[in-house]
Structure formats: C-alpha cells, structure tokens
Amino acid sequence: MIESILFIVLALLALASAVVAVISKNLVTSIISAGLVSLLASLLYLLMSAPDVAMTEAAIGSSLATIIFFYVLNRIRAKEDSRD
Amino acid sequence: MRNWVIVVILLLGTWLLLSADVLMSTTSVAGSIAAGVVVSTAVALLFAGRKMLYKNIRLTPKALVYLLFYPLVFLKALLIANLDVARRVLSPSLPINPAIVEVKTNLISPLGRLVLANSITLTPGTLTVDIQGDSLYIHWIDAVSTDVQSATEKIVRGFETYLEVIYG
Amino acid sequence: MEITMIAGGVVSLSGSLFLLLGALGVVRMPDLFNRIQAGTKATTLGTMLFLAGIAIAEPSWIPKLLLLILFIIFTNPVSSHVLARSAHHTGIRMSDKTVVDHLAKTTEQRGSESLQGDEQEIAAAKSKGGER
Amino acid sequence: MNIGSIAMGAGFLLVLIGLWGILTRTHIIQIIVSFSVVDTGVHLIMVAAGYMHQRTAPIISEGLAASDAPSLVVDPLPQALVLTAIVIGLGVTALMLAFALRIHEKNDTLEIKNIERLRW
Amino acid sequence: MGNMLFLASALIALVALGVSAIRFFRGPDTLDRVVAFDVITIISISLIAIIGFIMQRSVLIDVALVYALLSFLGVIIIAKYVERGL
C-alpha cells in the first residue's frame with residue numbers, strides 16, 4: 001500500500017520534470033531537470049527491488065551525465081566568449 | 001609525520017565502518033582488518049605528501065578534550081538553529097531581517113577555517129558566503145548588529161574558543 | 001523489541017517533520033540566500049534524526065548509518081556555501097528587507113573596473129538567454 | 001494496482017515525452033537532453049518487465065538464504081541488461097555531445113534553423 | 001505500532017519532497033532550481049534509508065551512501081558553471 005503511494009507520487013514527479021526538461025527555454029534548467037528525472041527514476045528502481053540499477057543510475061545518470069553536459073556547455077561558452 | 005598518521009587513522013576508521021557487517025559475519029576478522037591497514041597505509045603514502053592539511057592539528061591533552069566536546073557544542077547549536085528556522089518558517093509574517101556582514105577570524109590553519117565556516121553555516125541564522133583573507137562574509141537572517149566587531153563577537157566567538165585550541 | 005521500534009519511529013517522525021520544515025522554508029522564503037539557509041539547516045538535522053531513528057530500531061546498521069551521517073554533515077554545508085557564493089557573484093537580486101551587504105562593498109573597493117567588466121559579461125550572457 | 005504496471009506506464013510516457021522533444025526542439029543540446037529522457041524511460045520499462053509482485057532484490061545476504069532465493073527474488077536478468085544499457089547510454093550521450101561540439105566549431109551555432117550548410 | 005510510525009515518517013518525507021519540487025518547478029532563477037535540487041537529493045537519501053528499513057534489506061543503505069557521496073558533486077559543478085569559474 002505505502003509502496004504504491006510512494007511509487008505513484010514519485011512517478012508523477014518524474015513525468016513532470018521530464019516535461020520541464022523538454023519544454024524549458026533555458027538550457028541549464030533543462031539539464032538539471034533531466035538529472036532530476038534520473039534521480040526519481042532511481043528511486044523507482046529501488047522500489048522495484050533493483051538496488052544495483054538504482055546505484056548505477058544515481059551515479060551515472062544523475063551525477064556523471066550532468067557533469068558531462070556542463071563540461072560541454074562550458075566549452076561552448078568559452079568559445080563564444082573568445083569570439084566576441 | 002603527524003599528517004600521515006592522521007590520514008591513516010581516518011581512512012582506517014572509514015574502512016572499519018564500511019565493512020563492519022562483513023566483519024561481524026565472517027570468521028576472518030584479522031585478515032579483513034589487515035587488508036584495511038595495508039590499503040589505508042598505501043593510500044596515505046600516495047597522497048599524504050601532497051596536501052599537509054592536518055599538519056596544524058594539535059594533539060595536546062587539552063586539545064583532545066576540546067575535540068571531544070566540540071561535537072556537543074555543535075549539535076546544540078544545530079538544534080537551536082533548527083528551532084529558529086521552524087519559528088521563522090511557520091510564522092505567517094516571515095520575521096526576517098537579512099544582511100551580509102563581515103566578521104574577522106583569528107584562525108590560521110585552512111582546516112580550522114573550513115570547520116569554522118561549516119559550523120557557522122549550520123548554526124542559527126547564519127550562512128558563510130565567502131572567505132577573503134582573514135575575514136568571513138556571513139549572510140545573517142536576522143542581523144542584530146552590522147558592525148564588524150560586535151558581529152564577530154556574536155557569531156564567531158562561541159566556536160573559535162574551541163577551534164583555536166584544536167587547530168591553532 | 002517493540003519499545004526500540006517505537007522510540008526509533010518517534011525520532012524518525014520528528015526528523016521527517018524537520019525535513020518538511022526545510023522544504024516549506026525553501027518554498028516560502030523571499031530570496032535565494034534565505035532559501036539556502038532554511039534548506040541547509042533543516043534538512044541536515046532532519047536527515048540526521050531520520051537516520052538516528054533507523055539506527056535505534058535496527059542496531060546492526062549503526063556503522064553505515066554513522067558514516068552516512070558524517071558524509072551529510074561534511075558535504076551539506078559545502079554545497080550550500082558554493083551555491084551562496086555563486087549566487088552572490090552572479091548578482092542575484094536580494095530581498096528588499098536586506099539591511100546591509102558588506103561583501104558588495106569590498107568587491108567594489110577591490111577593483112571597480114574588473115568587476116564592472118565582469119558584470120557586463122554576466123549581463124551579456126543573460127541577454128543571450130542561456131544559449132538560446 | 002501492481003507497481004510494475006504503473007512503472008510500465010510511466011516508462012512509456014517518458015519515452016513519448018522524450019520523443020516529442022526530439023522531434024520538436026530545434027536546439028541540439030536540448031535534443032540530446034530529450035534523448036537522455038527517452039533513455040531513462042526505456043530503462044524503466046525494462047526493469048518493470050522483470051519485476052514480480054511482493055518479491056525482494058536478487059542479492060543474497062544475511063536476510064536472504066541462497067536455498068530459497070529462487071522463490072523470493074525478482075528476475076535479475078533485465079536488471080543486468082539495464083546496468084549495461086545505462087553505461088552505454090552515457091557513452092552515446094557523450095558521443096552526441098562531442099558531435100555537438102564539432103558542429104558548434106564548424107557552424108558557430110547549435111540552433112538547427114541557423115545551420116544552412118547541410119552538406120560539406 | 002512502531003512500524004506505523006516509520007510508514008508515517010516515510011509519507012511525510014514524501015510530502016517534503018513534493019513541496020520542494022514546487023520550488024523546483026516555479027523557481028524564477030536557475031540557482032533557485034539548483035537549491036531545490038539539492039534539497040530533493042538530501043530528502044531522497046533519507047527516503048532510500050527508510051525504504052531499506054521497511055523492506056528489511058541492508059543493501060539499500062549502500063545505495064544511500066553512493067547518493068550522499070555523489071549528489072554534492074553535481075551541485076558544485078552546476079554552481080561553478082553558473083559562477084563562470086569552471
């Protein structure tokens with residue numbers, strides 16, 4: 001019972017932040033929202049008794065992917081700054 | 001040398017906490033602990049020479065007593081901080097009076113300053129924003145005084161008496 | 001057995017109330033610095049109490065929970081500190097109730113031209129609308 | 001309702017949201033973000049396919065004896081697949097970002113509408 | 001009885017997660033969203049711990065450890081990017 005409630009609320013939050021990630025005009029917001037989708041999805045994996053997948057998703061999907069995105073954004077911004 | 005010993009002790013403590021349930025269930029307790037000692041010594045040999053972060057920590061008896069007492073002071077401050085936050089958040093009019101004030105610290109060692117800044121962040125109504133030289137810039141949610149001297153007296157003094165003995 | 005369960009449950013419940021307070025503070029406070037204040041303090045104590053409650057109810061998990069509490073105590077203030085510093089550097093608008101800002105004064109004294117250049121850069125970046 | 005079917009539905013919705021983003025966004029970085037949303041949705045569907053109601057995680061420890069594990073654990077195979085898929089998804093995302101950097105070097109823009117030179 | 005208390009605290013933590021998600025979805029500035037993200041990660045650490053307790057599997061505490069170690073890296077990277085100091 002409690003698991004169903006947790007699961008439904010977390011799934012709804014994940015869907016909402018996926019919508020934000022897709023429609024947002026701001027790139028930083030959209031990347032953070034994608035990280036939040038990964039984070040909530042890893043909580044869902046945990047409730048579906050897959051702790052190994054949850055650990056990997058938290059480490060890779062939520063942290064490492066965000067770091068790579070920001071690394072690339074930083075490269076692009078540095079290039080645009082030097083061009084101006 | 002002191003730096004190296006402290007790094008080994010910290011790493012070994014982390015190892016023992018992490019592997020505690022394995023230690024309790026298996027029979028080869030000595031082997032597991034020996035593995036921890038070897039690994040933490042190796043890691044300390046690799047990395048301890050780079051940053052002498054724990055060089056300034058003092059190991060006099062008074063400092064050890066203060067080191068034991070410091071968490072209690074800190075936990076008390078944290079509890080008061082939370083009741084304070086609760087009062088502010090729950091009251092309908094949001095009684096806040098924020099300011100960023102400058103305070104001075106006497107601590108010299110980087111580790112002491114780190115602990116001081118973290119403690120200030122977790123205590124009632126204050127948040128460390130920046131450190132420049134020996135002055136800390138603090139966001140104070142309910143600024144009683146904006147003068148440097150009196151703000152230092154109110155925010156820093158409580159922790160600094162302890163941290164000066166421990167870290168110098 | 002039952003008594004430790006109830007004691008742990010009460011401690012956990014109070015921790016979750018502090019978590020809720022932190023979340024409410026993040027929503028209600030007027031500007032970013034006050035949000036960081038409420039968010040950091042309340043969630044730190046809330047998580048500590050929450051994990052302490054589990055530790056009371058399940059004593060064999062104590063080592064790992066202790067490690068988790070230590071991690072949270074050390075990392076939580078650092079991330080809030082970084083956020084506050086970055087917010088001040090980018091010139092986030094502070095609440096109207098703000099009394100005084102010593103940090104802004106010192107940065108102005110330190111070198112007015114470099115900071116102005118910085119701010120122009122930031123303004124230019126903002127007008128670009130974050131790459132889009 | 002079984003949480004496996006809810007997870008299946010949520011995963012399909014995530015895939016659809018991400019697909020919509022891939023098809024309608026015009027900024028390349030945002031297309032990559034939408035791709036990672038699709039990725040997460042597919043992982044969710046695969047884990048949900050292996051979920052069985054009222055069963056526990058397939059890791060044998062003191063709480064779960066090896067002898068009665070087969071009747072108590074969920075299907076571990078989809079989880080192993082998803083572990084690989086997550087790592088490969090990160091690799092694909094990184095590759096796409098490298099291409100995006102390259103496009104930005106060539107064209108000085110990441111907006112698809114502004115890229116006029118379609119052939120090299 | 002004791003178990004009921006733990007279930008209730010899990011539900012309250014879930015409510016707290018939802019409330020801070022409001023700030024995430026509204027938050028006018030990017031850094032507001034980052035603050036909300038930080039709060040959400042910390043709340044989800046406690047949520048993971050309590051799910052592990054309810055399911056009675058000690059494996060889940062390791063997941064919480066990984067979370068606690070890695071979540072703060074992401075926040076620092078984002079703040080550094082916004083500060084233009086990466």
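We name chains A, B, ... by the order of the sequence lines, and we start the count at 1 in each one.
- When heavy atoms are compared at a cutoff of 4.5 Å, D:Leu13 approaches chain A by way of both its backbone and its side chain.
- Comparing D:Arg55, D:Met52, D:Glu105 by how many heavy-atom pairs each has under 4.5 Å with chain A, the most go to D:Glu105.
- Of the listed residues (A:Ser38, A:Ala41, A:Ser30), the one with the most heavy-atom contacts under 4.5 Å to chain D is A:Ser30.
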Candidate pair D:Thr40 and A:Glu57, rule side-chain contact (heavy atoms from CB on, under 4.5 Å), full reasoning: CA-CA 9 Å; D:Thr40 311; A:Glu57 180 80 35; 4.2 Å; yes
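- Looking only at side-chain heavy atoms (C-beta outward), D:Leu44 and A:Met48 come within less than 4.5 Å of each other.
- In this structure the side chain of A:Leu47 reaches within 4.5 angstrom of the side chain of A:Leu10, judged on heavy atoms.
- Counting heavy atoms from C-beta outward, A:Ile23 and D:Trp20 have side chains that approach closer than 4.5 Å.
- When each of D:Ile31, D:Ile22, D:Val73, D:Leu101 is checked for heavy-atom pairs under 4.5 Å with chain A, D:Leu101 comes out on top.
- A donor-acceptor pair under 3.5 Å links the side-chain atoms of D:Ser36 to the main chain of D:Val33, judged by distance alone.
- Using non-hydrogen atoms only and a strict 4.5 Å limit, the part of residues 91-100 of chain D facing chain A consists of D:Thr93, D:Ala94, D:Leu97.
- Counting heavy-atom pairs under 4.5 Å between each of A:Ala18, A:Ala14, A:Ala34 and chain D puts A:Ala18 at the top.
- The interface of residues 58-67 of chain A with chain D, defined by heavy-atom distances below 4.5 Å, comprises A:Ile60, A:Leu64, A:Ala65.
- Residue pairs meeting the ring pair (Phe, Tyr, Trp, His ring centres under 6.0 Å) criterion with at least one member in residues 49-84 of chain A, sequence neighbours excluded, are A:Phe70-E:Tyr81.
- D:His104 places none of its side-chain heavy atoms less than 4.5 Å from the side chain of D:Thr109.
- Distance CZ/D:Phe35 to CG/D:Leu19: 11.0 Å, rounded to 0.5 Å.
- Options A:Leu46, A:Ile31, A:Thr56 differ in how many heavy-atom pairs under 4.5 Å they form with chain D, and the most are formed by A:Thr56.
- With hydrogens and angles ignored, the 3.5 Å screen pairs no side-chain donor or acceptor of D:Gln30 with any backbone N or O of A:Lys25.
- With chain D as partner, the option from A:Lys79, A:Glu3, A:Met55 having the largest number of non-hydrogen pairs under 4.5 angstrom is A:Lys79.
- Heavy atoms of D:Asp39 lying under 4.5 Å from chain A are absent altogether.
- A:Glu80 has no carboxylate O lying under 4.0 Å from a charged side-chain N of A:Arg77, or vice versa, which leaves the two without a salt bridge.
- Both the backbone and the side chain of D:Ile32 come within contact range of chain A, with heavy atoms under 4.5 Å apart.
- The side-chain heavy atoms of A:Tyr45 and D:Gln79, taken from C-beta on, include no pair separated by under 4.5 Å.
- Of the listed residues (D:Val37, D:Val47, D:Val87), the greatest number of heavy-atom pairs within a distance under 4.5 Å of chain A belongs to D:Val47.
- Between A:Val37 and A:Ser33 there is no side-chain heavy-atom pair separated by less than 4.5 Å.
- For A:Ile68, the parts lying near chain D are the backbone and the side chain together; criterion is any non-hydrogen pair under 4.5 Å.
- Take D:Asp75 and apply the side chain to side chain donor-acceptor pair (under 3.5 Å) test, not counting sequence neighbours, and it matches no residue.
- At a threshold of 4.5 Å between non-hydrogen side-chain atoms, the residues D:Val82 and D:Ile86 count as touching.
- Proximity of D:Ile3 to A:Ser4: side-chain heavy atoms (C-beta onward) are separated by under 4.5 Å at one or more points.
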